[in-house]
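Some notes on the structure that comes next.
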Amino acid sequence: MSDTDVSPSGRDFIREMVARDLAAGKRGGRVVTRFPPEPNGFPHIGHAKSICLNFGVAQDFGGTCHLRLDDTNPETEDQAYVEAIRRDVRWLGFDWGENFFYASDYFEQLYDFAVELIRRGKAYVCSLNEDEIREYRGTVTEPGRNSPYRDRSVEENLDLFRRMRDGEFPDGAHVLRAKIDMSAANMKMRDPLLYRIKRATHYHRGDAWCIYPMYDFAHPLSDAIEKITHSLCTLEFENNRDIYDWLVDTLEVPDPPRQTEFARLNMTYTVMSKRKLLQLVERKLVAGWDDPRLPTLSGLRRRGFTPAAIRDFCDRIGVAKANSTVDVTLLEHCQREDLNVRVPRVLCVLRPVKVVIENYPEDQVEELDAPFYPRDVPKEGSRTVPFSRVLYIERDDFAEVPPKGFHRLSPGREVRLRYAYIIRCESVVKDAAGEVIEIRCTYDPATRGGAAADGRKVPGTLHWVSAAHAVPVEVRIYDRLFQVERPDLEEAPFEELLNPQSLETLTGSLLEPAAADPALGDWLQFERQGYFFRDPVDSTPERLVFNRTVALRDSWAPEAQKAAAPAAASPAASASRAPKPPKETEAKAPEPLTAEELEQLAHLRGVLQPVLDAVLAAHPAEVERYRSGQTGILGFLVAQVMKRGAQPGGGKPSPKLVNVLLTQALGG
RNA sequence: UGGGGCGUCGCCAAGCGGUAAGGCACCAGACUUUGGAUCUGGCACCCGGAGGUUCGAAUCCUCCCGCCCCAACCA
């Protein structure tokens, strides 16, 4: 990208900052970012925000973005997570090229940095135990006390640190600490720990090390090693920035990277913390990391969410510093928008009820033409659907006693079967329990294809399948995992918060035969239902399994609610939305003009009259709005006059006087 | 409580002293062989609150209120 893209107002405050840095000639015009996950869990959509940001900023400014595993704690990390991270970043559509790194590959350099810190008298080996360290740290309101080991000589520190590395001491015997300030107001600066002794096998380095650097030490220096220019992280690291700066400055790292924080993503009806996700998986409240109800990228992928939709979502939520929780309906909207324009429509009856067309010949089968796409989707393609005497329609599409506003089938009413015929319900057959098990209908042979030749209006169109031709499939209807909007704010156990309807498995669904063809692709829209994705794990040619990615918008659902609970709709709800009285614009006592100003005013009026007239003439709408009481717009008009009204002498007119003149001109 | 950050529509979010963008959600209507899609219109006289500066304040100043983060040998 060229310099012309360095605009003062970017898409977000981070891009603005990068643009400013570039414009100021900082960092030799380079932009290098990094996505630095710890491989201790599966990436989720919150990570996607960070991935899109880091790779996106690099892309926008012609820079590069590294993928670096921040693997400094061997106890929680695993190679399996590394694979998941690599796969998911790639799946999202980003490419780190050659720039794939492990912080653990820097352990030797990091060790050297630590030695250098000791040499400069800026780090020491502390032999307090964990509890003592905590105690010496003080509290948020009281300063800490210096460790008794703080003044060890450089030689002693060098020797001890060397022996820590050599494995001469048991775990926890010593730590390396930065020598900063035990009374710092920022708790993070009270001699933070840099290294701890930990005999654990590292998934990547094996047993090569028994001391491991802490995040606060490893992260900034890994950034420095990779010559990162902009280190973007989430808000909870704001306090850590002081250490970051202290380290790169104390070690005199050339052209040091700088850290900038942004708000992490939260989303309604789900949890995002690794701890809670892990808990859901371990307690088997979900089927695994790739459970389609989880916000993990593997879960979303299995559910049928697409990289394009997730990237679009990340674009739309923005990047800012305010903690926020994004409405999951935005994600759903992005997904529908992506699939709408490219997915074939087919007919699938999720919960079937039998329909017999009494006047349709027993053994007749017709092949009816049906396009895959509606007229507003610019794609071609069609198939035929078999029609016969015995069909199935959706159970919900029939009501013996139709609620108000019901457009579907009920006794005596007509309805259109999509691409087929208009039928009328003549009677129903019930079982012993009184449940409708069969709907008896007649069809109108003159309506083949679904069009009523006589122009008669049919209120509803239903999806259907032919009993003899339909393919049985399994359909998994996924819904929000939690029934509360903000589960992260609740203290109740998961069991009470989870949505019992988050998964409904339908084993008796019936798919039209042509739709079983895998050549149609992995995504299908089941008309009037939603977008579905062939389950990549359980679906086989013999037993098709579809996951509902997202339902279609349903403008009947809210109506149906009202119809079901008519008494609940009280007019009281609307009362609170009564029109507010217009705010009293306190007519500030017009500040009296001085005699001098009065004199100027007369003069100004003479000079400015043409300008005033021109401005008022040029902005009739604004004038109208002013006259109708929207007086705030006066500022706009003043600005217009100021712009055009440079006086002959060159000086700008006094805005105060322009204000007065305008007010008068407007009839004030 | 000391320090750091943040408060603009139900949810996100622009705004950088001169007419409160946009999206999602919601509501109404048009169109419709998906109660889908699309289109049109409606949704903040007001920016956490109170003062102040200014011709003019969401933007500047002062005070106050609320929320988040920090006292792991986690990241």
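Letters A, B, ... mirror the listed sequences (proteins, then strands); counts begin at 1.
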State the pairing partner of [N]; accept Watson-Crick or G-U wobble contacts with both distances under 3.5 Å, and report none otherwise.
N: B:C26; answer: B:G42
N: B:C63; answer: B:G49
N: B:A71; answer: none
N: B:G17; answer: none
N: B:C9; answer: none

Could you check if the base of B:C45 is syn or anti? Syn means the glycosidic torsion is within 90 degrees of 0.
syn

Please classify B:A72 as syn or anti, treating any glycosidic angle within 90° of 0 as syn.
syn

Just checking [X]: base, sugar-phosphate only, or nothing, at a heavy-atom cut-off of under 4.0 Å?
X: A:T141; result: base
X: A:E332; result: nothing
X: A:R553; result: sugar-phosphate
X: A:G405; result: base

Which nucleotide in the set [options] lies at the smallest distance from any side-chain heavy atom of [X]?
X: A:N186; options: B:G3, B:A75, B:G36; result: B:G3
X: A:T325; options: B:U34, B:C24, B:C12; result: B:C12
X: A:N340; options: B:A37, B:C12, B:A71; result: B:A37
X: A:R418; options: B:U34, B:G36, B:G35; result: B:U34
X: A:E238; options: B:G7, B:G4, B:A25; result: B:G4
X: A:P374; options: B:U34, B:G3, B:C70; result: B:U34
X: A:R345; options: B:G36, B:C70, B:A14; result: B:G36
X: A:S324; options: B:G10, B:C12, B:C74; result: B:C12
X: A:A322; options: B:A72, B:G7, B:G36; result: B:G7
X: A:V175; options: B:G2, B:C68, B:C73; result: B:C73

Between [N] and [M], how far apart are the two [atom1] atoms, rounded to whole Å?
N: B:C70; M: B:A37; atom1: P; result: 42 Å
N: B:C61; M: B:G17; atom1: P; result: 12 Å
N: B:U19; M: B:A58; atom1: P; result: 10 Å
N: B:A57; M: B:A50; atom1: P; result: 15 Å
N: B:U62; M: B:A44; atom1: P; result: 33 Å
N: B:C68; M: B:C11; atom1: P; result: 16 Å
N: B:G41; M: B:G22; atom1: P; result: 11 Å
N: B:U40; M: B:U54; atom1: P; result: 46 Å

With a 3.5 Å cut-off and just heavy-atom distances, do the side chain of A:N239 and the base of B:G3 make a donor-acceptor pair?
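Such a pair is found, so the answer is yes.
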
Donor-acceptor pair under 3.5 Å, A:R316 side chain vs B:G22 base
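Side chain to base: no pair below 3.5 Å.
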
Check for me: is A:Y215 stacked on B:A75 by the 5.5 Å centroid and 30° plane-angle rule?
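Whether judged by distance or by angle, A:Y215 falls short somewhere, so it does not stack on the base of B:A75.
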
B:A75 base stacked by A:H219 (centroids within less than 5.5 Å, tilt under 30°):
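Stacking between A:H219 and B:A75: absent.
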
Expressed in angstrom and rounded to an integer, what is the separation of A:R408 atom CZ from B:G36 atom P?
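Interatomic distance, CZ of A:R408 to P of B:G36: 11 Å.
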
Students often mix this up, so state it plainly: with edges at 30° and 60°, are the rings of [X] and [Y] parallel, tilted or perpendicular?
X: A:H407; Y: A:W556; value: parallel
X: A:Y443; Y: A:F387; value: tilted
X: A:H47; Y: A:F35; value: perpendicular
X: A:H219; Y: A:Y244; value: tilted

Of A:T72 and A:D376, whose closest RNA chain B nucleotide lies nearer the 5' terminus?
A:D376

Between A:R448 and A:V377, name the one whose nearest nucleotide on RNA chain B is closer to the 5' end.
A:R448

Residues A:D554 and A:R528 bridged, charged N to O under 4.0 Å
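Here A:D554 does not pair with A:R528 in a salt bridge, since their nearest N and O are not under 4.0 Å apart.
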
Would you call A:R199 and A:D171 a salt bridge, using N to O less than 4.0 angstrom?
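Here A:R199 pairs with A:D171 in a salt bridge, since their nearest N and O are under 4.0 Å apart.
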
Contact summary for A:F13 and A:V319, nearest pair of heavy atoms
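For A:F13 and A:V319, the tightest heavy-atom pair comes out as CD2-O, 3.8 Å.
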
Before we go on, tell me: are the rings of A:Y269 and A:F482 under 6.0 Å apart, centre to centre?
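So the answer is no for these two rings.
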
